[in-house]
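Side chains included, hydrogens not; waters and symmetry mates left out as well; all remaining heavy atoms used. Please read these numbers as outputs of a predicted model, since none were measured by experiment.
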2 protein chains.
Amino acid sequence: MAAKEGYILERQAGHLLRRAHQRHSAIFQEKIGDVQLTPLQFAALVKLRDVTEVSQNHLGRLTAMDAATMQGVIKRLASRNLIKRRPDPDDRRRLIVSLSSEGYELVNTLVSSGNDITAQTLEPLCPAERKQFLDLLAKLAQLSSNDASE
Amino acid sequence: MAAKEGYILERQAGHLLRRAHQRHSAIFQEKIGDVQLTPLQFAALVKLRDVTEVSQNHLGRLTAMDAATMQGVIKRLASRNLIKRRPDPDDRRRLIVSLSSEGYELVNTLVSSGNDITAQTLEPLCPAERKQFLDLLAKLAQLSSNDASE
DNA sequence: CTAAACTTGTTTGTACACCAATCAACTATA
DNA sequence: TATAGTTGATTGGTGTACAAACAAGTTTAG
């Protein structure tokens with residue numbers, strides 16, 4: 001019959017994560033929205049800057065996007081000529097992606113805003129809390145095994 | 001000109017929030033997926049259980065969804081007869097929503113799973129860290145002014 | 001060898017969430 | 001009682017996520 005068991009929405013991890021994410025998105029929008037990049041698109045560009053060249057799928061692993069999501073992100077970035085795609089000569093299933101010079105330049109100008117965004121997101125916390133929070137969050141974000149070698 | 005300024009994706013608040021959210025969604029799915037409710041639908045039902053009757057828009061404020069999102073959630077819940085809608089006699093713009101008896105019963109059976117979901121989401125942390133984390137997260141989740149009276 | 005089973009990379013279809021813009025109904029002001 | 005401003009709900013468009021499909025590569029048993 002289950003009479004009203006307690007459940008406080010405002011104390012649920014999922015609800016709070018969602019709201020924190022909303023706030024972060026708003027900040028992201030404010031800082032980077034001008035260039036019409038989404039957080040995922042930005043993540044893909046930044047990671048590509050680090051690794052130079054990878055298969056689409058592998059990039060997905062590096063940025064925590066599933067393959068289908070990655071393909072959409074890549075498609076939109078490619079249509080704006082921010083990245084290049086070419087087939088892998090050794091494996092015809094693979095599409096190798098890399099930054100275009102235009103993309104490379106754009107990422108470099110945005111990276112500092114990227115750092116600002118995290119700073120502003122954590123702004124309600126004192127410095128000690130910020131580190132604490134990121135550490136705890138990192139523990140919670142572990143999904144399964146990580147990337148691989150390539 | 002900007003030569004490679006540092007930016008570690010894995011330490012950005014947004015990226016970690018997103019991954020934590022992904023993990024939470026997976027847990028939610030595992031625990032509640034059988035009944036085909038999304039986290040937002042569940043939040044709406046649970047909140048409706050608390051307040052009995054509110055306008056659609058106001059429910060959105062209580063659950064941190066914007067009006068457009070709320071309307072989609074309500075529509076889907078109504079199509080499954082989990083909630084009822086009726087016009088507000090005092091304000092013809094408003095739609096007053098409330099749980100159907102079916103919806104009420106469903107929420108009651110799911111609330112304990114809801115609590116499990118948060119527990120399992122926070123499972124990688126020790127009890128002290130859990131409280132810490134939720135407190136910090138709540139600070140970050142503050143957007144602007146809250147609801148209102150009605 | 002080579003055919004079957006399995007794995008991995010990419011794409012397609014669908015549902016959902018979010019924003020911006022719109023329209024309708026209420027409120028305040030002059 | 002007009003007019004401007006505000007609030008409730010809806011619509012359309014974009015982006016993300018999951019599941020399923022398909023194609024290419026690898027492994028294993030005959």
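Distance, H24(B) NE2 to dA17(D) P: 15 Å, rounded to whole Å. One atom, CG of L37(A), and another, C1' of dG15(D), lie 13 Å apart when rounded to the nearest Å. The separation between Q41(B) atom CD and dA15(C) atom C1' is 10 Å, rounded to whole Å. The interatomic distance linking R80(A) (CZ) with dT14(D) (P) rounds to 14 Å, in whole Å. Atom-to-atom, CG of D88(B) to C1' of dA9(D) comes out at 13 Å; the value is rounded to the nearest Å. Between M65(A) atom CE and dC18(D) atom C1' there is a gap of 16 Å when expressed in whole angstrom units. Straight-line distance from the CZ atom of R94(A) to the P atom of dT11(C): 14 Å, rounded to whole Å. In this entry the distance linking NE2 of H21(A) with C1' of dG15(D) reads 12 Å, nearest Å.
Within the 4.0 Å cut-off from OP1 or OP2 of dT10(C), not a single side-chain nitrogen or oxygen of Q71(A) is found. A close approach under 4.0 Å does occur between a side-chain nitrogen or oxygen of R92(B) and OP1 or OP2 of dC26(C). For the OP1/OP2 pair of dA17(D) and a distance below 4.0 Å, the side-chain nitrogens and oxygens of T69(A) include at least one atom meeting the criterion. A close approach under 4.0 Å does not occur between any side-chain nitrogen or oxygen of R61(B) and OP1 or OP2 of dT7(D). In this model, the phosphate group of dA17(D) is not approached by any side-chain N or O of Q29(B) to a distance below 4.0 Å at OP1 or OP2. Between T38(B) and dA17(C) there is a side-chain N or O to OP1 or OP2 distance below 4.0 Å. Note on R93(B): every side-chain N or O is 4.0 Å or more away from OP1 and OP2 of dA24(C).
A salt bridge links E129(A) with K139(B): the distance from a Lys NZ or Arg NE/NH1/NH2 to an Asp or Glu carboxylate oxygen falls below 4.0 Å.
Residue K75(A) is the one, among Q36(B) and K75(A), whose nearest nucleotide of DNA chain C lies closer to the 5' end (criterion: closest heavy atom). When each of V73(B) and A67(A) is assigned the nucleotide of DNA chain C bearing its nearest heavy atom, the one mapping closer to the 5' terminus is A67(A). Checking I96(B) against L40(A), the closest nucleotide of DNA chain D that is more toward the 5' end is the one next to I96(B).
Of the possible polar contacts, none joining the T69(A) side chain to the M65(A) backbone as a donor-acceptor pair under 3.5 Å is found.
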Using salt bridge (Lys or Arg N to Asp or Glu O under 4.0 Å), reason through K131(A) and D135(A) one step at a time and then give a plain yes or no. CA-CA 6 Å; K131(A) 173 163 181 10; D135(A) 288 346; 2.7 Å; yes
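Among the nucleotides dA25(C), dA24(D), dA17(C), the one closest to any side-chain atom of D91(A) is dA24(D). Among the nucleotides dG8(D), dT10(C), dT12(C), the one closest to any side-chain atom of A68(A) is dT12(C). Listed nucleotides: dC18(C), dA9(D), dC18(D). Nearest to the side chain of D66(A): dC18(D).
When heavy atoms are screened at a 4.0 angstrom cut-off, R18(A) is found touching the sugar-phosphate backbone but no base atom. Note on R76(B): only backbone sugar-phosphate atoms sit closer than 4.0 angstrom, heavy atoms only; bases stay farther off.
Between Y7(B) and F42(A), the angle of the ring planes goes over 60°, which puts this pair in the perpendicular group of the 30/60° scheme.
The nearest pair of heavy atoms linking Q36(B) to Q41(B) is O-OE1, 3.7 Å.
None of I96(A), L59(A), L48(A) except one satisfies the side-chain contact (heavy atoms from CB on, under 4.5 Å) rule with E53(A); the exception is I96(A).
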